[in-house]
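Letters A, B, ... mirror the listed sequences (proteins, then strands); counts begin at 1.
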Amino acid sequence: MTIVVRFPPSPTGFMHIGNARTALFNWLYAKHHGGKFLLRIEDTDRERSTPEAVEVILQGLQWLGMDWDNKNYPGRNYYSQFAERERHAAVAQQLLTEGKAYYCYCSPEELEAMRAEQKAKGQPMRYDGRWRDRSASEAPAGVNPVIRLKAPLTGETVVRDLVLGEVTVQNTQMDDMVLLRADGTPTYMLAVVVDDHDMGITHVMRGDDHFTNTFRQVQIYKAMGWDVPQFAHFPMILGPDGGKLSKRHGAASVTDFRDQGYLPEALINYLLRLCWAHGDDEIISVEQAIAWFDMDGVGKSAARFDYTKLSSLNAHYIKQRPDRELTQLVQPFLETRLSRALTAAETARLTQAMPDLKPRAQTLLEIADMAKFYFDAQPLDEKAQKLLTPEAKQVLTDLAVRLDTLDDFTTEAVEAACRGYAEEKGLKLGNVAQPLRAAISGSTVSPPIFGAVALIGKDEAQRRLRSAA
RNA sequence: GUCCCCUUCGUCUAGAGGCCUAGGACAUUACCCUUUCACGGUAGUAACACGGGUUCGAAUCCCGUAGGGGACGCCA
């Protein structure tokens, strides 16, 4: 049997990182087993669904490198739940005809009152089935009814979850859920089941916030006489404080991470290790992940998102990337910071500086910040100003003269000149390099300064030296 | 309130009854390297939620307690 999984986001804003993790686990599972990974946009909520949000999801998946296998639909390259609304309604009608569902004429206000009363009395909040056995002749005039499932009143529903194991819930714990709204549109419960069935989904794998829904969905499968798929529920990803992970923690959507200079491979590697492990392995390539990923490695407890660990992984993958690729990735960030475009020569310079830049950065944004002074003179920060004592300024004046005599303005030549100067004056190299660093970079902290001086060139170096001295 | 799930270093986790004096990674501390900051290297601090069982033996199995999370919509 070919394994078919799906990723069903609803296009109501951004793509939460928890959703990305769910997508990743599904994608990996499909790849590992040679199955199919399908994308279904759950756009039945017309109020909140937007084409922009769909685009964000599509781009997010592409950026992370997760390709989906169902792209041939009229007018779009993903399965749209909304497009199937007639099919969903037909299923509800079928259930109605077969006596497995019924019309309920309760108004939203009436239901709200019912729940309020139940809550006040400390009773479980459930629809009490008041229209379950009433005949249509009692229907109030002018009210569009919803269709509810006539759920079993006795017995129990069992789910064998690939992660959580076998769990049983008494049917008395579940009420008659709404399948079709008064306006004829399907509810989520109906739509997922019908779509999963129609799409031939063999494994429904999602966040465990859906776990209790599963029991209700199984009732729909049974009512329709359909095979129940395998289920797997992954623990949730929490914020560092144990609460819901949100933007207030720093970043929560795929777009946020991209815009903050994280590499997709770092994010993938990090996400992979949340709630999943393969022995002591930490740095795992996508190829390796495909080979290793399976349900037996998935844990049961929720994980907290740790930005620090993500950053260290990002730093690792930055070091792995070729300089040219990094240049391309960093350039947009840098141009924003410089408020101007880089010339071709400057782009080449960025690539040359990259070996000095990349071991020092955790994000592409940090590289851009660090690289600014290679292109435009930066104002001296407080520490740099403090460092430029009269003695230090004398050093700068002397250095300007020395550097002017260099024919070959290479890293080695600059370094040799500085070392020679320090030796002559009986100064420690640091007493020469630090003022030089301050003058050239505007800061007391920078990539190796001799190389930077060489890259900036003699003229610009002279300018900065004189202006600081 | 009802139901469901979870619980190993600060964090992510390894661990499928003896291999555990509980391992790795990130973070953290110290030292080495060094023109600054990093990188890299070496060493260190740090955890089986609690209480009962079962067993010759439990982080691992069972039962309670506590704590955390989730679900209870004509949202998905």
query: Name the one of A/Tyr29, A/Phe7, A/Phe25 that satisfies side-chain contact (heavy atoms from CB on, under 4.5 Å) with A/Met205?
result: A/Tyr29
message: Aromatic contact between A/Trp131 and A/Tyr105, with the criterion being ring centroids under 6.0 Å apart: yes or no?
response: yes
Euclidean distance, atom CG of residue A/Asp356 to atom C1' of B/U36 [Å, nearest integer]: 13 Å
message: So, OP1 or OP2 of B/G1: does either fall under 4.0 Å of a side-chain N or O from A/Lys119?
response: no
query: Is A/Glu117 salt-bridged to A/Lys121, cutoff N-O under 4.0 Å?
result: yes
Atom pairs under 3.5 Å: protein N/O with N/O of nucleotides 28-35 of chain B:
{"from": "B/U35", "atom 1": "OP1", "to": "A/Arg419", "atom 2": "NH2", "distance (Å)": "3.1"}
{"from": "B/U35", "atom 1": "O2", "to": "A/Arg437", "atom 2": "NH2", "distance (Å)": "2.5"}

task: Using the side chain to side chain donor-acceptor pair (under 3.5 Å) rule, collect all pairs that involve residues 260-275 of chain A, keeping only residues at least two apart or in two chains.
output: A/Tyr262-A/Ser311, A/Glu265-A/Arg321, A/Asn269-A/Tyr317, A/Arg273-A/Glu282
For nucleotides 45-47 of chain B, which of its nitrogen or oxygen atoms have a protein nitrogen or oxygen under 3.5 Å away, and what is each distance?
none

message: Distance check, C1' atoms only: B/A66 and B/G51, in whole angstrom units.
response: 10 Å
message: For A/Phe82, does the six-membered ring have the charged nitrogen or CZ of A/Arg46 within the cation-pi criterion, i.e. under 6.0 angstrom from the centroid and within 45° of the normal?
response: yes
field: Summary of protein contacts for nucleotides 71-76 of chain B, nucleotide by nucleotide, where a base hit scores B, a sugar-phosphate-only hit scores S (4.0 Å, heavy atoms)
entry: SSSBBB
query: Would the A/Phe305 and A/Tyr307 ring centres measure less than 6.0 Å apart?
result: yes
Pairs: protein N or O with nucleotides 19-21 of chain B N or O, under 3.5 Å:
none

Produce the list of close N/O pairs, under 3.5 Å, pairing protein atoms with atoms of nucleotides 9-17 of chain B; give distances to one decimal.
{"from": "B/C12", "atom 1": "OP1", "to": "A/Arg304", "atom 2": "N", "distance (Å)": "3.0"}
{"from": "B/C12", "atom 1": "O2'", "to": "A/Arg273", "atom 2": "O", "distance (Å)": "2.8"}
{"from": "B/C12", "atom 1": "O2", "to": "A/Lys309", "atom 2": "NZ", "distance (Å)": "3.3"}
{"from": "B/U13", "atom 1": "OP1", "to": "A/Cys275", "atom 2": "N", "distance (Å)": "2.3"}

- prompt: Considering only the C1' atoms, how many Å lie between B/A30 and B/A71, rounded to the nearest integer?
  reply: 49 Å
